[in-house]
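Within every chain, numbering begins at 1; the chains are lettered A, B, ... in the order of the sequence lines, protein sequences first and strands thereafter.
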Amino acid sequence: MPLDKNGIAQRIAKELEDGYYVNLGIGIPTLVANYIPEGISVEFQSENGILGMGPFPTEAEVDADLINAGKQTITSLPGAAFFDSANSFAMIRGQHVDMTVLGAMEVSEQGDIANWKIPGKMVKGMGGAMDLVASADNIIVAMMHTNREGESKLLKKCTLPLTGVRCVKKVVTNLAVMDIRDGAFVLRELAPGVSIEDVQQATEGTLVIEGDVPVMDL
Amino acid sequence: MPLDKNGIAQRIAKELEDGYYVNLGIGIPTLVANYIPEGISVEFQSENGILGMGPFPTEAEVDADLINAGKQTITSLPGAAFFDSANSFAMIRGQHVDMTVLGAMEVSEQGDIANWKIPGKMVKGMGGAMDLVASADNIIVAMMHTNREGESKLLKKCTLPLTGVRCVKKVVTNLAVMDIRDGAFVLRELAPGVSIEDVQQATEGTLVIEGDVPVMDL
Amino acid sequence: MIRKVVKDAETAVTGLKDNMTLMLGGFGLCGIPENSIAAIRETGVKGLTCISNNAGVDDFGLGLLLQTQQIKKMISSYVGENDLFEKLMLSGELEVELIPQGTLAERCRAAGAGIPAFYTPAGYGTEVALGKEVRWFKGKPHILEHAFEADFAFVKAWKGDEAGNLIFKGTARNFNPMMAMAGKITVAEVEELVPAGELDPNFIHTPGIFVQRIFEGKAYEKRIEQRTVRQAG
Amino acid sequence: MIRKVVKDAETAVTGLKDNMTLMLGGFGLCGIPENSIAAIRETGVKGLTCISNNAGVDDFGLGLLLQTQQIKKMISSYVGENDLFEKLMLSGELEVELIPQGTLAERCRAAGAGIPAFYTPAGYGTEVALGKEVRWFKGKPHILEHAFEADFAFVKAWKGDEAGNLIFKGTARNFNPMMAMAGKITVAEVEELVPAGELDPNFIHTPGIFVQRIFEGKAYEKRIEQRTVRQAG
């Protein structure tokens, strides 16, 4: 059975390592914070100016001056710090953030990503996504393997305007975990109950299968 | 009678305007702070990270963590702010400082300045001088008109390694006040008891005299 | 100490003219100069270019200047939550330039810091890079970006003093400090204006040298876009 | 919260090797990492390139590493007050690169901020510009300067917490925040180390993300180079 959004988040959370600073995009990535493995400490950065982001506030704690990049009200944890946007993107461009998780409309086998613009539709903007993907060494894309029309989102070449080129290293979808290497998606793990053929069928880009492919350990 | 160092500082202080942020170099420029005209407010910036620099401390006030760019102990005034060196030079390069006063070994009729290096002698470094002269719109040089050997320091062309090119707009010496314009020193004011001939004799660069030259009003 | 205090928002926008370029602090509706925006609307100036990370919502923030069609062009990173914006943009009445958020922040800082241009990896290989110089550093492509210019910057702080020193609160800091550095005239509105000497000089976010005018704002609404709460206990 | 605490200076310099490039905070002797310098001396590593605004005095600050000839090259803006320095430099035992102070600060910040290069007017037309690209912006010449690289940065703060957040005091801040951003490994020594949560997140000068190791230093001498006083009263 393919994963749901929470399952994808849960799998990505296993990529967290002790001491990581992490930037989570809007959507599925946000859910990753709910699955931090036991015994490790990570800190969440939000690009509007906080490190050490905590859970959503109680009604009594709500503060209009304390939001995340999705404009949701948040709290701060002990050891938190606030800073301005220039300093925030200094952290991002300067590769001080250890892991970046974000959603995508399309990913190519070269590691290109498109997630900000659909020609003919209202364009809201790239926000911090272009800075994030151009800078981070460790970018994980969290998304469904196919779009609502059932078309693959893992392509030979992106059809939508790009957010960044050759930057995505790992993709976690409802079907599988894949690394991107040498112009191909390398299948690493399968979602429980999903077959290699399922993934092949849902992947338009080059899919490489090396040896046995384990089932995700969630 | 030519001015002494205090006289030069006193004359330069008359260039201060209400609301000016001012950076004073080491030596004669430092003395300018003693002659702020009545009724105007100015603030002194020191490039090591303070705005709103106050007088030297009393023995009881001495704080090793509070010094000026000359490494002297100082105090801060109400309304002061501390900041880091990047922000400090943002103020300087970004032309937020309204007036910069610094000393020089040589100034050319083009507005070039040399004040950091004498070939063959120990070179201590330019410190912030190159940033200051390259950035400021309003640079006043405070110096003696001639060196210890009696040679002019106002030259057609600097002989020493430059600190900046075409940047000095005004020179105040023990003999005169001069603007630098169109490749010449334009004589504006004479020190009390100093003649135009005195200035001509002490100036190797082109000296332009336009109409009557008043005596400095100190 | 140099006094920067003006009596109200109306006075603070003196000199604002048609077709000027403005920077406005804030992220979403957090930390926006509410009083200044109201005063800009009152002046009726037209043809503004506004540099601001977002464009407000229909009836708040920069949405108020969109209603009156005072804005000719928006330079932003994300302009989501605004129906009127979409309508004006699609009809061609509003020009929009979208810029990566970090580049937006850095171009503001560069403007204030006397850095005319810098290289950044953000946007390489995308339409953001079109027409821009590409240069490789350490095996990685970068594009050349230039400092902005702004006639006015409007920022909002938590506390300020008569000398123009500012302190921001929480994530309401965001773009305000860099924009304060960048404005030819920077207007700061603050929730609380105190005499010089009351703020600790060690904890000033924006030194007064960057601020030309300061006033205490009134009746801050501080609207929340996405009120998200958890159950207590 | 990510813990960064190490027990002492000796532990903090683990991994330091011959021929590495180091950044060291401070202006003159103000805000220098005294404990780290002592520990670096103890390691005996040689061939260091040190990026620091100044080079200490004969018997304090970086002068201590000059005594032991552990420094191969200094990158500074001003190296005045040091007889030993002069001797080593004139004899060719010490290489020196002098850089305008603002450029030094900005090259540190650029390193930490992922900006590989930027244009600055400082040094145009001087020997500092030799071999560098010149470009004109708005009628004014600028030169291209590159970000530094540093294996270690050693900074000194007033207070710090277990998460690596730092607060500096007065003008002891100077180069410390930018260098903290720039080190591959940044070691912060602080006068007072407190638990996470004790520092107000609104008034952190250097967020912990920039700091890899932190310890409470001992026996700060905080020597004053130019004690200058006025008469009380």
Side-chain angles (χ1 to χ4, degrees), chain A residues 16-23 36-37 39-55 63 65-68 74-100 128 130-137 164 167, chain D residues 1-6 23 105-118 147-150 153 157 159-168 177-186 188 193-214:
Chain A
L16 294 169
E17 293 183 21
D18 192 35
Y20 265 15
Y21 290 95
V22 183
N23 183 295
I36 305 169
I40 74 165
S41 286
V42 299
E43 266 190 46
F44 294 105
Q45 196 247 22
S46 194
E47 64 265 29
N48 59 317
I50 176 174
L51 264 176
M53 186 163 46
D63 180 351
D65 292 326
L66 192 43
I67 64 171
N68 64 17
I74 52 159
T75 56
S76 65
L77 297 174
F82 302 121
F83 37 84
D84 66 40
S85 303
N87 219 3
S88 181
F89 283 91
M91 292 173 193
I92 290 167
R93 267 193 323 263
Q95 305 195 325
H96 304 281
V97 174
D98 301 293
M99 186 169 132
T100 297
M130 284 193 184
D131 307 275
L132 281 159
V133 301
S135 307
D137 257 346
C167 51
Chain D
M1 194 270 305
I2 300 168
R3 282 182 59 96
K4 311 289 178 74
V5 180
V6 295
M23 286 181 178
E106 194 68 11
R107 288 176 67 184
C108 291
R109 181 192 178 269
I115 300 292
F118 58 89
F148 282 123
E149 279 190 274
K159 295 183 183 178
D161 71 14
E162 294 169 325
N165 294 304
L166 304 180
I167 290 174
F168 304 93
M178 294 87 69
M179 290 183 172
M181 294 169 71
K184 284 198 191 77
I185 296 173
T186 291
L193 183 62
V194 302
E198 284 206 9
L199 302 180
D200 185 336
N202 216 31
F203 296 113
I204 302 296
H205 294 133
T206 292
I209 192 171
F210 295 124
V211 174
Q212 279 67 53
R213 303 173 189 172
I214 187 169

Check [X] against [Y] and note the closest heavy-atom contact, atom names and distance.
{"X": "D:N165", "Y": "A:A80", "answer": "ND2-O, 3.9 Å"}
{"X": "D:G112", "Y": "A:H96", "answer": "O-NE2, 2.7 Å"}
{"X": "A:G79", "Y": "D:D161", "answer": "CA-OD2, 4.0 Å"}

Open item on the list: Counting heavy-atom pairs closer than 4.5 Å to chain A, which one of D:A182, D:P207, D:A110 comes out on top?
Closed with: D:P207
- [ ] May I ask you to name which of D:E162, D:K4, D:H205 has the most heavy-atom pairs under 4.5 Å with chain A?
- [x]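 Most pairs with chain A among the choices: D:K4.
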Side chain, backbone, both or neither: which part of [X] has an atom under 4.5 Å from a heavy atom of chain D?
{"X": "A:V42", "answer": "backbone"}
{"X": "A:E43", "answer": "both"}
{"X": "A:L51", "answer": "side chain"}

Is [X] close to chain A through its backbone or its side chain, or both, or neither, when contacts mean heavy atoms under 4.5 Å?
{"X": "D:N202", "value": "both"}
{"X": "D:L199", "value": "neither"}
{"X": "D:R109", "value": "side chain"}

Open item on the list: With rounding to the nearest 0.5 angstrom, report the CZ to CG distance, A:F82 to D:D200.
Closed with: 8.0 Å
- [ ] With sequence neighbours left out, write down each residue that passes side-chain hydrogen bond (donor to acceptor under 3.5 Å, both in side chains) with A:N87, or none if nothing qualifies.
- [x]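 A:N87: no side-chain hydrogen bond (donor to acceptor under 3.5 Å, both in side chains) contacts found.
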